[in-house]
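Before any comments, here is the structure.
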Amino acid sequence: MDKLNSLGKSTAYDFNYRPEVLETFDNKHPDNDYWVKFNCPEFTSLCPITGQPDFATLYISYISDLKMVESKSLKLYLFSFRNHGGFHEDCVNIIMKDLIKLMGPRYIEVWGKFTPRGGISIDPWCNYGKPGSRFEQMAEYRLMNHDLYPEKVDNR
């Protein structure tokens, strides 16, 4: 059994970017392709120019291979963006790349739905499919068809 360091312990929050807090456990069903989706409605980071806080709901969806991300470590990791100065687009790409490095998923996508500032909301979306697999073609297809039916935005 994998050793999970964060689960079941008193939680100490660190609000500085820390990808090393991420932990994995073995996928118990590597013979199945199935979605795991995290909805993170309280993501915060800082604007790298003004230092003002940015708020978002993050959607992280993936199809695992051999490893899966442990949810409490993911929560601590996302909290570590609290004082991170990064543009919205940068944050979602960093998160996706850190999770790819951690788990080696078959497929992953990260979507940030940021609340408006100055009358504009920004919703960056990125994805990845394992090269040389059918998930690489899936990633390309989902990228090309990502926003065909945009939702109605009512000022969030």
According to a 4.5 Å side-chain heavy-atom criterion applied to Ile, Leu, Val, Met, Phe, Trp and Tyr, with indirect links allowed, do I94 and M103 form part of one hydrophobic cluster?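 Linked within one cluster.
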
Flag side-chain contact, heavy atom, 4.5 Å: L76 against V21: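 L76 reaches V21 side chain to side chain.
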
Would you say N83 and Y17 make side-chain contact, with heavy atoms under 4.5 Å?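 The answer is no; the side chains never approach within 4.5 Å.
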
Heavy-atom pair of closest approach, residues V69 and F25: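 In this case the closest contact between V69 and F25 is O-CE2, 3.5 Å.
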
How many angstroms lie between atom [atom1] of [X] and atom [atom2] of [Y], to the nearest 0.5 angstrom?
| X | Y | atom1 | atom2 | value |
| --- | --- | --- | --- | --- |
| L74 | I60 | CG | CD1 | 4.5 Å |
| M68 | T24 | CE | OG1 | 10.5 Å |
| D123 | E89 | CG | CD | 10.0 Å |
| S80 | L22 | OG | CG | 8.0 Å |

Can you list every pair that meets salt bridge (Lys or Arg N to Asp or Glu O under 4.0 Å) and has a residue in residues 41-54, with sequence neighbours left out?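 Counting only pairs at least two positions apart or across chains, the salt bridge (Lys or Arg N to Asp or Glu O under 4.0 Å) contacts touching residues 41-54 are D54-R117.
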
Check against salt bridge (Lys or Arg N to Asp or Glu O under 4.0 Å), K130 and E136: CA-CA 5 Å; K130 188 169 270 192; E136 183 177 33; over 6 Å; no

Which residues pass the side chain to side chain contact (heavy atoms under 4.5 Å, CB included) test with D31, sequence neighbours left out?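 Partners of D31 by the side chain to side chain contact (heavy atoms under 4.5 Å, CB included) criterion, ordered by chain and then number, come out as H29.
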
Aromatic contact, Y59 with W125 (centres under 6.0 Å):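 Distance test on ring centres: not under 6.0 Å, no.
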
Where does the angle between the aromatic ring planes of H88 and F114 fall among parallel (under 30°), tilted (30 to 60°) and perpendicular (over 60°)?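 Geometry flag for F114 against H88: parallel rings.
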
Report the relative orientation of the aromatic rings in F38 and Y62; use parallel for angles under 30°, tilted for 30 to 60°, perpendicular for over 60°.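 If you compare the ring of F38 with that of Y62, the planes turn out parallel.
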
Enclosure of K97 NZ (heavy-atom neighbours >12, cutoff 6.0 Å):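 No, because the 6.0 Å sphere around NZ of K97 holds 12 heavy atoms or fewer from other groups.
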
Checking side chain to side chain contact (heavy atoms under 4.5 Å, CB included) against E109, which of V92, N127, L143, I63 comes through?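 When V92, N127, L143, I63 are each tested with E109, the side chain to side chain contact (heavy atoms under 4.5 Å, CB included) holds only for N127.
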
Ring pair (Phe, Tyr, Trp, His ring centres under 6.0 Å) with Y107: which of F135, Y128, W35, Y141?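 Looking at F135, Y128, W35, Y141, the match for Y107 under the ring pair (Phe, Tyr, Trp, His ring centres under 6.0 Å) is W35.
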
